[in-house]
Every structure is written in C-alpha cells, then in structure tokens.
Number of protein chains: 2
Amino acid sequence: MTDANVGGRVTIYDVASKAGVSTATASKALNDTGRMAAETRARIRRVAEELGFRPNALARSLTSKRSFTVGLLTDDIYGRFTLPVMAGVSEGLIDQGVSVFLCSVGGDPALARIHLDAMLDKQVDGIIATGKRVDRPLPIDFSAVPVPVVYVLTEGPAEAITLVPDERQGAREAVRHLIQRGCRRIAHITGPEHFLVVRERALSYRQTLEAADLRVPAADVLYGTWSEHWGHEAVARLWSFDERPDGIFCGNDQIARGVMDALRERGAAIPHDVAVVGFDNWEIVAEETRPPLTTIDMNLKELGRQAGLTLVRLVNGEEIEKGLLQLPCKLVVRSS
Amino acid sequence: MTDANVGGRVTIYDVASKAGVSTATASKALNDTGRMAAETRARIRRVAEELGFRPNALARSLTSKRSFTVGLLTDDIYGRFTLPVMAGVSEGLIDQGVSVFLCSVGGDPALARIHLDAMLDKQVDGIIATGKRVDRPLPIDFSAVPVPVVYVLTEGPAEAITLVPDERQGAREAVRHLIQRGCRRIAHITGPEHFLVVRERALSYRQTLEAADLRVPAADVLYGTWSEHWGHEAVARLWSFDERPDGIFCGNDQIARGVMDALRERGAAIPHDVAVVGFDNWEIVAEETRPPLTTIDMNLKELGRQAGLTLVRLVNGEEIEKGLLQLPCKLVVRSS
DNA sequence: CTGAAAGCGCTTACAG
DNA sequence: CTGAAAGCGCTTACAG
C-alpha cells in the first residue's frame, strides 16, 4: 500500500480515497454532520484512525470562519496576578479545542498594536485583555477590534464585560474571620490609597467593623506601600499608641509578612496576642511565614476560566449582560 | 463606491479589483515578489493601504506551509522562572511576525498531549518546551513531533537543542565578588542536593575558592530547602562554630533573605561584618531585603529570546549544532 | 444515502 | 510586465 501524497501529512483526501468515498462524505463522517449509513460513517472513521488523520485546523478555519484561537494580551508578564489568570483561560478553553495566543506588551502602545494586529491577522475568534490593576487600562484601545473582547483584572470601558475579584467581599471575609476569632481591636495596614482595591478593601473593613458594632480603632487604616518594610514600620507606629490592636488585616501577604516579623520582634504571640490575616494567598509568601498565614485567595484561576468561557459564548453569538462581574474571593485559613 | 464583498473584511480580491489588476499581481506587489512596473506595485500598495487590507494569515499559511506560529509548553505556569522565558520568546519572535501559543500542562501527560495535538493541528512551525527544572523533563515525549523542538530550562534528550543558564559561571561570579570584597571565609547555604543546579553551584563555589587559594571552611556547603526559614536556621548552625564566615553565597534569594534576617538578629552588620550574595535576582525579594541584595541574574528573558530565534532558524532549515547551550548569568550588585 | 462542484483567501508556477 | 489557472486542505450547499 502506498500513500497517495509524498512525504506530506495525511489529508482528508487520503482518508476518502482509502475508504472509497468522496472527501465531502469523509468530512461529514468525521464531523458527525449530514446523514449517511452508520456503516459508512464507521468505516470512514476507522480508516481515519488507522491513517492517523488529523484535520488541518487552518484549512478548516478558512471555510468555517472560526479559528478556535483566542488572543491574550497582558501588560504584566512578570507579575504573579495575571499568570494564574492565563492558566485559567487556557485550562477553561482547551476542552473546546481553543488555543491561546499569549503576548505581553508592557506599557508600550506600539508593541501592543503590533501584537494585536498579528493576532487579528491570524483570525483570533476573540481577545482577552488582562493586566495587574483593575483601575488601569491596557495601553491600547480595543473598541475598533472586530471580535469580542473580555477584560480581566484590568480597566475596561463601561459597556464592556469585565471580570474582577470581589474585593469588598474578600475584605469582609477577612475581617469577619478576625471578629470570629475574638478580636475586638482590629487594624488595617494596607497599600497606597490611590489603588482602587485599597480603597475598596478599606471601605469594606470599616463597614464590617461597624456592622459588628465594633469601634474603628484610633489609627484606623494605615496606608503605605506594598512591602514587608511598610508592614514592619506600620506595626511600630501602631505600637506607639496606648491601645494596641489584637487583630490586623493586611492589604497583601507581603505586608503581612513584615507585620508578623515586627510582632515577633516585639514578643507578641501570633495569633494568641495578635491575629493576622493577609490578602492574595501568594503561597510562596503565605506558607513561609511563621506561623503560616491566613489570607484571602482571589481565585484568579477561576477568574481566568470564567473569562475564557464568557468569551467563547460571545463568539458563539450568545447575548451576555455587559458590565462588571465580580467573582467571590475565598478565605484560606492557616495558623496566623 | 461600493465594496465588492458584503460585511466581510477586505480581501486581496478587493484590492486587485480596485487597482484594476489580477489577484496574482496584487499578491506579488504586496509581498514584493516577482517583477512588475514600479508604478503598478506602488499603486496596488496605495490601494491596499486605503482599503486597510490585512492579509488573512490562515489563507496564506495554507499555501506557504508556514503558520508563523509556535507553541510554548510549560509545566510551571505559576513559577517565576518560566515567565520571563516566555516573555523573551514572545519578544524575540514578534519582529518576524511569529505569534506564540501558550499552554501550561502541569505534570499531566494526558493534558500535555491534548495541548500539543491542538497546537500541531493548528500547524505550529515549532515547539518550545520549558519548565522549572533543568534536570526534569516535561511529562511528554516530543520525539515524534513533526516540527523542530527547542528545550529551555527543562531536560531535553541528548540529541536536542537545550538552552540553560550557565550555573557554574553564575556561581563563580558570585564567589569572586565576595573574594574581591575581601571576604576570606565564605560559606555556601543552598537548596536540596538532589537539584542539579545545587550541585553545579556548589562545585563551582569550591573550585573558585580553591583557585583563589582560599580554604573551604569547615562547614563547607550547607544543603537545605529553598526557604527563608532554612537560611535562618543555617546561620544558626554556622554561628555555632568557632570560626564564623565573613561572606555567604546563598543558593537563592529567599535563602539569602532568611540569612540576612538571622544576621541582623545576631547583630552582624551587612555587608561590613558579613557580605551576602544571592541567586535568581528575584526583584520582589532582592529589592526588599535590608540592605538590598546583591545577587546573580540568570538572564531568563534573554534565554527565551535566544530559544525563539534558534527555533525559527531551525524552522528555516538552518543547521544548528545540537546539545546543551549555556548562556551567561550576570552579577547584579546592590548593597549586601 | 452519497458525490460533484464551488468556495474560503491566499500564493505559485506557468504562459503569454 | 501581467494574468489565467491550479492548488493549499478543508466544508457546505446543492443535486441526484
């Protein structure tokens, strides 16, 4: 038996010829479309299997107008936030045979344009725009893009579909956890106030305390930087007051680490004297603190998965409500 | 003036028709192939520009047998090592119009197979396999893959092209830096001995000391885990000996952070009493230590860029020497 | 139930 | 110098 084509991969023509049918029939058999004798269909499939036939997705896309490909643009390839998002997108879409183009464009509009055009030339079915801050847009405008766009963890236009973690709910879970542990004087040490998430979390912190009839402590919210150093320093500041907190809700896990270091240096037992809750569940930090850190997980992978699934629904022409979609965060209880 | 096709994107047919030539001529004009009157070429290009013509890459690939697409498989989407690699690949290839499919497969061979097949169906021109450990292969065998494969930061078969950082050179730079600073009793606190990089760095550490006629200290190499905690503990162990080191080369930046915390607690001034060098240049750690950490950067982005360029050369049929390619690391001097 | 024909949007020999 | 034709590998009406 000789192959019909020389050195090439096996095509639907090879399958059809070996099965003694036309390529049209072979196509229908393999795609389970049209009507034909069950026996014919089975035979064609058997032959395809034997030959190891894999359809050329490019050729298929040319007629079907679907490439089963989406583009993922990010301005933050190094950051740890968008990575789980990407993994979630990829994981959520592979079941549907969709592959993901990745590109990181930093803050460069020209580079973003080039990458976006390259993807559109390759006929992506849709675009996912993702970043590291929910209150900053990517350096490029997607409004003229001829395919659906979904925004994740970045600022999208008002009429777009944007997926973000539910920051308020996350902060509420954190503070409630501290209250349930018996804390009555709960402080909040967090990042720079110009971050939207910082303001959201701080607002929710206050509301949760008030809802529990707990007085907001004198020091209230301490804004600073996203660093261990700031956590350290903020504790020094808090400890200069008479009334010291018995619980600290931190704006991220790095701050929490600095806070815990400082508490240990002051001889405060964690969580006995002061309980600490972080934010991010950045495992490499949260599992390394002494004791391991209780914190809030933003479910970023799930966020990515939902974004991918939503995008595919848009591609399929489904009507989906526009606007901001906030997905719940999850408290991860460790020992702090 | 009316568009020839309804609601669709503009095709080469539209360009040809508006320019009053055949699609063959239009194609040649736009691709700068064939011979034709300069005026004709210019006119066709002008029309294409006016119409905003962007060639459909799928259609082009179908004839040209080049998709200008490569697949990137990783087992480590969360890790910070493969991410710069990916960014480098993407950055290195965009100039040639090549887009990158990303997929993370964890350790799952079945998932890897599915992703790989999906990419091959989409006619990727080549594959980059990347991971988090140079001494562990991905959970899938690429030997039957019909396109070139390049391995980066993962174990590939002997006859393959594999790119990794030059661990020995990196370690040498670190130790030499300490020697130049005047350190004479240099210890090495590092990760688990079953990591190849740990053994490579330790070997290079010893060779460099010997080459400088410096005695390897009693404690020699301390193997442990990749954690701050271990750095902390290792210092305690070293400080139990009579002769204490005046320089410490750490196997990674996290260990270095633990070491520095421990030194500070013991009242040792950094770098005056004890100088510290890390490994990885994980900026989020290295810039946060007190003082900021001098460390070794593995140039991972450049590694990725080289991998991408190498892959494209293979795709173009160039002959490239097989085997392990080690790219140099770089000392980043901060204040420790 | 099955096949011939046309077409997706390009490119590439081959004629003229 | 330019164009008609064939082809890349599929799918999709349309006939029969």
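Note on naming: letters A, B, ... go to the chains in the order of the sequence lines (proteins, then strands), and numbering restarts at 1 for each one.
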[X] side-chain N/O to [N] phosphate OP1/OP2 under 4.0 Å:
X       : N      : result
B/Asn31 : C/dT11 : yes
B/Ser27 : C/dT11 : yes
B/Ser22 : D/dG3  : yes
B/Lys65 : C/dT11 : no
B/Thr40 : D/dT2  : yes
B/Thr25 : D/dC1  : no

Q) What distance do A/Leu303 atom CG and A/Thr310 atom OG1 have between them, rounded to the nearest 0.5 Å? A) 9.5 Å

Q) Choosing from C/dG3, C/dT2, C/dC10, which nucleotide comes nearest the side chain of A/Val21? A) C/dG3

(Q) Side chain of A/Ala37, heavy atoms from C-beta onward: which of C/dC1, D/dG9, D/dC10 has the nearest atom to it? (A) C/dC1

Q) Mapping A/Lys28 and A/Ile12 onto DNA chain D by nearest heavy atom, which one lands closer to the 5' end? A) A/Ile12

Q) Roughly how many Å is it from CG in B/Leu58 to C1' in D/dC8, rounded to a whole number? A) 12 Å

Q: Round to a whole Å and report the spacing from CZ of A/Arg66 to C1' of D/dT12.
A: 17 Å

